[in-house]
Amino acid sequence: MNRLNLITLGVKSMVESLAFYREGLGFEVVVYGDETNPDVIFFNNGGTKISLFPIERLAKDINEENPKAGTDFTGFTLAYNGKSKEEVDAIFSLAKKAGANIVKEPETVFWGGYSGYFQDPNGYYWEVAYGDTWEFDETDMLIIK
C-alpha cells in the first residue's frame, strides 16, 4: 500500500463546493449526476485525486448504524506545494476571490519556507507553501528525499 489514489472530502453543499473549486480555484472536475444536485465530484488533477461527496452520505457509508459527521478540526489538512513565493501568492489570490476563509496569510515560517492557510466552504484547511529546496518530478509532484 505504498500509494494514495483518492482523497474524499465530505462536504455540506455539493453545489457550493463545485463552484468554489471549479469556478473559484480553477480545478478541472468531472461531475457525476446533475450539476444542480451532484452525486459525486472528482478532481481531474495531477497526482493523487480528490473527490467531493455529501458529508451525511459519507458518514453513513462509513458507519450506517452510527454516522458521525462533525465539523471540528481533526488534524487533517490538504496542501498545494508551489514552485515560488509568487505562485503561493497567486493561489491565495484565487482562494480569496473564490470566497475562502483566509486563516493565515502567507509568510516566512519556522522551517524556512513560505506558507499560509485557507479554509474551503466546508472548513477543510488548505496549506499553500513554497520551499526553496523543493524539487518536483515531471508531473509536478513534490519529490520527497
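Sequential numbering from 1 along the given sequence is applied to the chain's residues.
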First locate atom NZ of Lys96, then atom CG of Asp89, and finally report the distance between them rounded to the nearest 0.5 Å. 8.5 Å
Gly99 and Phe20 have their tightest heavy-atom pair at C-CE1, 4.2 Å
Could you give me the CA-CA distance, side-chain angles and deciding distance for Glu35 and Met14, then say whether side-chain contact (heavy atoms from CB on, under 4.5 Å) is met? CA-CA 9 Å; Glu35 289 210 4; Met14 295 288 281; over 6 Å; no
Does a side-chain heavy-atom distance below 4.5 Å link Trp134 with Asn81? yes
Contacts of type ring-ring contact (aromatic ring centres under 6.0 Å, His included), residue Tyr80, not counting sequence neighbours: none
Would you say Ser17 and Asn122 are linked by a side-chain donor-acceptor pair, where the criterion is simply a distance under 3.5 Å? yes
For a quick test of reading the model, state the closest non-hydrogen atom pair linking Ser13 to Glu16 and the distance between them. OG-N, 3.1 Å
Verify same cluster id: Leu142, Val109 (apolar side-chain graph, 4.5 Å): yes
List the steps, then state whether side-chain contact (heavy atoms from CB on, under 4.5 Å) holds for Val128 with Phe92. CA-CA 8 Å; Val128 183; Phe92 257 79; 3.6 Å; yes
Under the rule for ring-ring contact (aromatic ring centres under 6.0 Å, His included), what residues qualify as partners of Phe42, not counting sequence neighbours? Tyr32
Contact summary for Gly24 and Ala98, nearest pair of heavy atoms: CA-CB, 3.4 Å
Any Lys83 side-chain heavy atom under 4.5 Å of Phe136 side chain: yes
Look at the side-chain heavy atoms of Ile, Leu, Val, Met, Phe, Trp and Tyr, link any pair under 4.5 Å apart, and say whether Trp126 and Ile102 land in one connected group. yes
When rounded to the nearest 0.5 Å, the distance separating CG of Leu78 from CD1 of Ile50 is 5.5 Å
For Ile55 against Gly10, the heavy-atom pair lying closest together: CB-C, 3.6 Å
At what distance, to the nearest 0.5 angstrom, does OH of Tyr21 lie from CG of Asn45? 11.0 Å
Worked check of side-chain contact (heavy atoms from CB on, under 4.5 Å) between Val88 and Glu127: CA-CA 10 Å; Val88 170; Glu127 178 187 25; over 6 Å; no
Within 6.0 angstrom of Lys97 NZ, more than 12 heavy atoms from elsewhere: no
Minimum heavy-atom separation for Leu18 and Val29, please, with both atom names. CD1-CG2, 3.7 Å
CD1 of Ile143 to CD of Glu135, rounded to nearest 0.5 Å, is 5.5 Å
I'd like to know whether Leu58 forms a side-chain contact (heavy atoms from CB on, under 4.5 Å) with Thr8, so could you lay out the CA-CA distance, the side-chain angles of the two residues, the decisive distance to 0.1 Å, and finally the verdict. CA-CA 9 Å; Leu58 183 59; Thr8 299; 4.2 Å; yes
Ignoring hydrogens and angles, tell me if any N or O in the side chain of Asp34 forms a donor-acceptor pair with the backbone of Pro38 under 3.5 Å. no
Check for me whether Lys85 meets the cation-pi criterion with Tyr114, that is, NZ or CZ under 6.0 Å from the six-membered ring centre and within 45 degrees of the ring axis. yes
Out of curiosity, Ile7 CD1 to Ser51 OG, how far, rounded to the nearest 0.5 Å? 9.0 Å
Got Phe118 and Leu94 here, is their nearest side-chain heavy-atom distance under 4.5 Å? no
Closest non-hydrogen atoms of Tyr130 and Ser84, given as atom of the first, atom of the second and distance, are CD1-N, 3.3 Å
